[in-house]
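Reading through the structure tokens given below for one structure.
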Amino acid sequence: NDTVTIIGGGLAGCEAAWQCAEQGVPVRLYEMRPVRQTPAHTTDRLAEIVCSNSFKSDEVNTAPHLLKEELRRARSLLIAIAEATRVPAGAALAIDRERFAAEVTARIAAHPRITVIREEVTRVPPEGVVIIATGPLTSDALAAEIQTLAGAERLYFYDAIAPVVDAETINYEVVFRAARYGKGGDDYLNCPLNKEQYEAFVDALLAAECVAPKAFEADKAQYFEACLPIDVAVRRGRDTLRFGPMKPVGLRDPRTGREPYAVVQLRQENLMADSYSLVGFQNSVKWGAQKALLRMIPGLEQAEFLKFGQVHRNTYVNGPKLLTPTLQVKHEPRLFFAGQISGVEGYVESLATGLVAGRWAAALVQGKPLLPVPRASAIGSLLNYVAHCENNDYQPVNITFALLPPLAEDEARVYRRRPERRARQIALALEAFEGWLRAMDAGRPSSLAGEA
Ligand code: FAD
């Protein structure tokens, strides 16, 4: 069977289908809309963008730019269409969502090797090469199937995400390092609040504008009690947070010798050594307001956030347990995962995993080697996180510099300033990625070269 089956015509599925077909391999692309809608999509178009219309920064020397640059060099269909349908948004690549989805739908439908089938897939096909790209809102029937495939604890439905702060922007004059009762490692930084600061924070949180929950978020018990968003918890009483995620017990501030009135704990991420998450601070406060709110926390006055707190349904597999660095299921390598369900977060990250999964699925059908993407590149770093993250509490990530390998010591001595360091990391990333592309392209059927 030389046809690749792709389930899900979202960002990852469409990019995967295009890449696979461009390698000369026929594709069957299944999309359940409009037969069955998700709680967030509203149209029948492929690659519908469900929320913000931003593909994030396209400013040189940023991690989101590097990721897009790699995709441009890999001839990404969706990035090309994003650029053709862009709307003014400063340094960001923002798109006209209607034109974007319409154009992707038309290009995919017109490809001679892609057949689009409007049908909900409820079973993982028993044979052939398959890419599962059904996204964070995978339909229930297929999610149950994936649960069986992945093992009971390996499919996550997380409702709430805590914010992540860039380590270099924390005020170390204010925060103190300590574990509760001095037990455990000293991976925590603690932001101390006095009574006035705590009360002011609670007032601001109660007043902050939150994202209105969509129908699917309001169902069931809504949240796991253990991951209750702080904006929900605070409504149960002004002191709830002080007895919950902001509990100060066992944390003595070395500068005062006393426990503060309340504390926000920052936990170092394992692979993301340059960043800290705000423990228990998942929330649905709108991003603009959230930044101002979080900057009220002592020690975070100038903080830059790599990720804001979010609340939405999210279906994704535990990559380190289930997947190889080539996005294949370890115990069933004919199956690939791509997109948000593979354990990345964000539009561009999702389509990036679709791009490489499409290339690899084609290579598998054609009997060619599946070359892993080099770790030095942005895509390689994302996949390294997906396959090797050591954090027990696995959560999908956006691309950031914290994921990229740090410069070697001798280079770090030469490139001392942050912008120079980043420029050097980007140069190394692009060089490594180009090498991978050349190696993958070397196996490309010559009759297709130049066709696009
Ligand atoms: P999707 O784009 O969701 O595509 C999956 C496709 O699979 C859908 O078209 C769906 O209809 C289809 N499908 C599902 N189940 C089946 C089935 N059984 N059979 C056939 N087809 C099926 N990221 C950002 O960068 N910015 C944001 O602002 C943002 N907002 C988000 C808001 C919400 C509510 C959610 C849930 C996610 C958001 N994300 C955002 C995260 C993520 O980047 C997007 O969800 C992104 O679209 C993921 O791409 P994907 O291809 O993995 O999934």
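When a ligand or atom number is given, it counts from 1 through the structure's own listing order. Please read all numbers here as calculations on a predicted model, not as lab measurements.
- The pair Arg418-Asp166 meets the salt-bridge criterion, since a charged nitrogen lies less than 4.0 angstrom from a carboxylate oxygen.
- By heavy-atom distance, the residue among Gln310, Lys56, Glu31 lying nearest atom 9 (O) of ligand 1 is Glu31.
- Which parts of ligand 1 touch Arg33 is read off a 4.0 Å heavy-atom cut-off, strictly below it: atoms 9 (O), 11 (O).
- Between the choices Gly10, Pro64, Pro34, Ala338, the shortest heavy-atom distance to atom 1 (P) of ligand 1 belongs to Gly10.
- Between the side chains of Asp96 and Thr85, no donor-acceptor pair is found at a separation under 3.5 Å.
- Counting only residues at least two apart or in different chains, side chain to side chain donor-acceptor pair (under 3.5 Å) contacts with residues 125-137 comprise Thr134-Thr138.
- Inspection of the Asn171 and Gln302 side chains reveals no N or O donor paired with an N or O acceptor under 3.5 Å.
- For Arg36, the salt bridge (charged side-chain N to carboxylate O under 4.0 Å, His left out) test picks out Glu120, with sequence neighbours left out.
- There is a side-chain donor-acceptor pair under 3.5 Å between Thr38 and His41.
- No salt bridge links Arg118 with Glu31; every basic N to acidic carboxylate O contact stays at or beyond 4.0 Å.
- Taking 4.0 Å as the cut-off between side-chain N and carboxylate O, Glu22 and Arg107 do not count as a salt-bridged pair.
- Backbone and side-chain nitrogen or oxygen atoms of Leu142 are examined, and none is located within less than 3.5 angstrom of a nitrogen or oxygen of ligand 1.
- Checked by atom type, the side-chain pair Gln19/Gln23 shows no donor-acceptor distance below 3.5 Å.
- Inclusion of Glu345 in the set of residues having an N or O under 3.5 Å from an N or O of ligand 1 is not warranted.
- Proximity of Ala141 to ligand 1, defined as any heavy-atom pair under 4.0 Å, is not found for any part of the residue.
- At a 4.0 Å heavy-atom cut-off, ligand 1 touches Leu11 through backbone and side chain alike.
- Contacts of Ser139 with ligand 1, taken as heavy-atom pairs under 4.0 Å, involve both backbone and side chain.
- Considering backbone and side-chain N/O of Met32, one or more are found under 3.5 Å from N/O of ligand 1.
- The one candidate from Asn61, Leu404, Val60 that meets the side chain to side chain contact (heavy atoms under 4.5 Å, CB included) condition with Ile426 is Asn61.
- The pair Glu420-Arg417 meets the salt-bridge criterion, since a charged nitrogen lies less than 4.0 angstrom from a carboxylate oxygen.
- Residue-ligand proximity: Glu119 is placed with a non-hydrogen atom under 4.0 Å from ligand 1.
- Geometrically, ligand 1 and Thr38 share no nitrogen or oxygen pair separated by less than 3.5 Å.
- Where the criterion is an N or O separation shorter than 3.5 Å, residue side chain and backbone included, Glu48 fails it with respect to ligand 1.
- Interface atoms of ligand 1 facing Gly339, defined by a heavy-atom separation under 4.0 Å, are 52 (O).
- Below 3.5 Å of separation, one finds an N or O of Gly346 facing an N or O of ligand 1.
- In this structure, of Ile146, Val121, Val50, the residue bringing a heavy atom nearest to atom 17 (C) of ligand 1 is Val121.
- Ligand 1 has no nitrogen or oxygen under 3.5 angstrom from a nitrogen or oxygen of Glu120.
- Residue Ala12 approaches ligand 1 through these ligand atoms, each under 4.0 Å from one of its heavy atoms: 51 (O).
- Proximity to Ala133 (heavy-atom distance under 4.0 Å) selects the following atoms of ligand 1: 5 (C), 7 (O).
- For the residue pair Gln310/Ser284, the side-chain donor-acceptor check at 3.5 Å is not satisfied.
- Numbered from 1 in the order shown, with element, the atoms of ligand 1 that lie under 4.0 Å from a heavy atom of Thr134 read 5 (C), 7 (O), 13 (N), 14 (C), 15 (N), 16 (C), 17 (C), 22 (C).
- Between atom 45 (O) of ligand 1 and the options Pro136, Ala47, Gly9, the minimum heavy-atom separation is to Pro136.
- Checked for salt-bridge contact, Arg72 and Asp58 meet the test: a charged N lies under 4.0 Å from a carboxylate O.
- Backbone and side-chain nitrogen or oxygen atoms of Gln340 are examined, and one is located within less than 3.5 angstrom of a nitrogen or oxygen of ligand 1.
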